[in-house]
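Starting from 1, each residue takes its place in the sequence as its number.
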Amino acid sequence: MTHLRLTGRAAAMATVAIVALAAGPANATQPLPFPFLPFLPQPAAMQPMAYAPTEPSLPSVQAAPQDDEGSPAAELPARLKRQIVSYATREAPGTIIIDTPNTYLYYVLGNGRALRYGIGVGRDGFTWSGTQSITKKAEWPDWTPPPEMIARQPYLPRHMAGGPGNPLGARAMYLGGTIYRIHGTNAPSTIGTHVSSGCIRLTNDDVSDLYSRVSVGAKVIVLPDFRRADNGGGRRG
C-alpha cells in the first residue's frame, strides 16, 4: 500500500508541474521551474550538445603556376638552351652574331665553336639587320620607352625603374646609336618567337651569362630575316 501511495503522490506532483509549465510564459533561456523532477523531458534548447557544430571545410586554394625562370612553365626547348656548338665563321672571338630567322644568338669562341643562346627577336615589320657595337652595359636597367614606341602604344609608362618586373630584365647591352638592345626578359616563354619591337631578348639567366663575357666595344652582327619585312640598319628615324 505504501508503494501505491508514493506513486500517487509522484503522479500528482507531475500533474502540477505540467500545468505550471503550460501556464507560464515560454522562455527557453530560463531554468526549469522544477529541477527536482528528473523524469520530465528537458526542452530541446536546454539539452546539452554531444559535440560542437562544425563548418563545412573549404576547398584548398592552389597557387597558379608562375612563369618565372625557375618554374617548369619557363623550361626552354632543348634547341633554345645555352650550349656550345660548332660554328664556322671568320669573325674574331668575342663577336656576337644574331641569327634572326632561327632565333639564335652566337657568341664566337674561336676554333670553329660558339656559345649559342635562344632568343626572341622582332615581330613582323620590326626586324632589322646590320653591324653595330656594344656601347653601354647596365645591370637591372631602367626602361624609358622611345618616342616611336610611345606613339604606337600610348598606354606604356614613360619611365620604369629597373627590377624583376621591368621588361628589360636583369641586364642590357645597348647597340650603337640605335634604339635597340640585347636584354633580359621577365617573360621567358617568348624566347624562340618573333615578338619584340626590334630588341633581342634572352632569359635573365642567359643574358647575365652573356653580359659577363661581353665587353663594351664588342662587335654585333645582326643577320637579316628574309622571310619578314626588314627595317634596314636599325637606326633612329
Side-chain angles (χ1 to χ4, degrees), residues 66-85 87 89 91 93-109 113-124 126-146 149 160 162-176 178-225 228 234:
Q66 301 295 315
D67 191 23
D68 56 27
E69 298 297 320
S71 70
E75 183 72 17
L76 294 177
R79 78 173 187 89
L80 296 175
K81 293 181 179 179
R82 183 170 74 239
Q83 55 195 289
I84 294 176
V85 297
Y87 191 71
T89 180
E91 298 297 335
T95 301
I96 293 174
I97 301 175
I98 307 296
D99 183 348
T100 306
N102 294 307
T103 62
Y104 292 138
L105 181 152
Y106 293 93
Y107 178 77
V108 178
L109 298 173
R113 299 187 310 157
L115 188 55
R116 189 179 77 188
Y117 304 82
I119 58 175
V121 298
R123 63 186 182 273
D124 286 332
F126 291 89
T127 59
W128 58 280
S129 61
T131 300
Q132 296 292 337
S133 62
I134 301 294
T135 52
K136 177 184 174 183
K137 296 170 61 177
E139 298 184 10
W140 295 107
D142 293 348
W143 180 45
T144 302
M149 185 175 289
M160 182 180 291
N166 192 297
L168 297 185
R171 304 288 186 272
M173 289 154 276
Y174 296 76
L175 300 178
T178 75
I179 61 174
Y180 304 122
R181 291 151 292 218
I182 299 171
H183 63 79
T185 180
N186 54 22
S189 61
T190 61
I191 300 302
T193 67
H194 296 74
V195 68
S196 78
S197 295
C199 286
I200 310 301
R201 61 176 67 179
L202 299 84
T203 66
N204 281 333
D205 185 54
D206 280 353
V207 80
S208 297
D209 180 83
L210 179 65
Y211 185 94
S212 69
R213 300 172 188 273
V214 172
S215 301
V216 171
K219 184 179 182 180
V220 179
I221 302 172
V222 179
L223 302 178
D225 186 352
R228 297 172 178 271

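Panel note: side chain Asn166, backbone Met160; a donor-acceptor pair is recorded below 3.5 Å. When atom types are taken as modelled, the side chain of Arg79 and the backbone of Gly118 share no donor-acceptor pair closer than 3.5 angstrom. In this structure, Asn204 contributes its side chain and Ala170 its backbone to a donor-acceptor pair below 3.5 Å. Side-chain atoms of Gln83 come within 3.5 Å of backbone N or O of Ala78 as a donor-acceptor pair.
The local environment of CZ in Arg113 is sparse, with at most 12 non-hydrogen atoms from other residues, nucleotides or ligands closer than 6.0 Å.
Heavy atoms only, all atoms of each residue included: Gly217 and Ser133 are closest at O-CB, 4.1 Å. Considering every non-hydrogen atom in both Ala114 and Val108, the closest pair reads CB-CA, 4.2 Å. Closest approach of Gly169 and Trp140 over heavy atoms only: O-CE3, 3.4 Å. Closest of all the heavy-atom pairs between Tyr174 and Ala138 is CE1-CB, 4.1 Å. Contact record, Tyr211 with Ala172: CE1-O, 3.9 Å, taken as the closest heavy-atom pair. Of all heavy-atom pairs spanning Thr178 and Leu175, the tightest one is OG1-O, 2.7 Å.
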Using side chain to side chain contact (heavy atoms under 4.5 Å, CB included), reason through Val207 and Met173 one step at a time and then give a plain yes or no.
CA-CA 9 Å; Val207 80; Met173 289 154 276; 3.7 Å; yes
Residues Leu80, Tyr104; criterion side chain to side chain contact (heavy atoms under 4.5 Å, CB included); working and verdict:
CA-CA 8 Å; Leu80 296 175; Tyr104 292 138; 4.1 Å; yes
For Arg181 and Arg171, run side chain to side chain contact (heavy atoms under 4.5 Å, CB included): C-alpha distance rounded to whole Å, both residues' side-chain angles, the deciding distance at 0.1 Å, then the answer.
CA-CA 10 Å; Arg181 291 151 292 218; Arg171 304 288 186 272; over 6 Å; no
Could you walk me through whether Tyr107 and Arg82 pass side chain to side chain contact (heavy atoms under 4.5 Å, CB included), step by step?
CA-CA 11 Å; Tyr107 178 77; Arg82 183 170 74 239; over 6 Å; no
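Two residues are said to be in side-chain contact when any heavy atoms from C-beta on lie closer than 4.5 Å; Thr103 and Thr193 fail this criterion. Using a 4.5 Å cut-off on side-chain heavy atoms (C-beta onward), Tyr87 and Ile97 make contact. By the 4.5 Å heavy-atom criterion applied to side chains, Leu115 and Arg213 are counted as neighbours. Using a 4.5 Å heavy-atom threshold, the side chains of Tyr117 and Ile191 count as separate. Counting heavy atoms from C-beta outward, Pro141 and His183 have side chains that stay 4.5 Å or more apart. Between His194 and Phe126, every side-chain heavy-atom pair lies at or beyond the 4.5 Å cut-off.
Distance check, rounded to the nearest 0.5 Å: OG1 of Thr144 to CG of Leu168 gives 9.0 Å. Summarising the geometry, atom CD belonging to Glu91 is positioned 14.0 Å from atom OH belonging to Tyr106; distances are rounded to the nearest 0.5 Å. Atom-to-atom distance recorded for Asn102:CG and Leu223:CG is 9.5 Å, nearest 0.5 angstrom. Interatomic distance, CG of Leu202 versus OG1 of Thr190, reported as 10.0 Å (0.5 Å rounding). Of the inter-residue distances, the one linking Ile134 atom CD1 with Leu210 atom CG reads 7.5 Å to the nearest 0.5 angstrom. In this structure, the separation between CG on Asp225 and CD1 on Ile98 is 13.0 Å, given to the nearest 0.5 Å.
In summary, the side chains of Arg123 and Ser197 do present a donor paired with an acceptor at a separation below 3.5 Å, with no hydrogens or angles considered.
For the pairing with Leu105, the side-chain contact (heavy atoms from CB on, under 4.5 Å) check across Thr100, Ile96, Val220 returns one residue only, Ile96.
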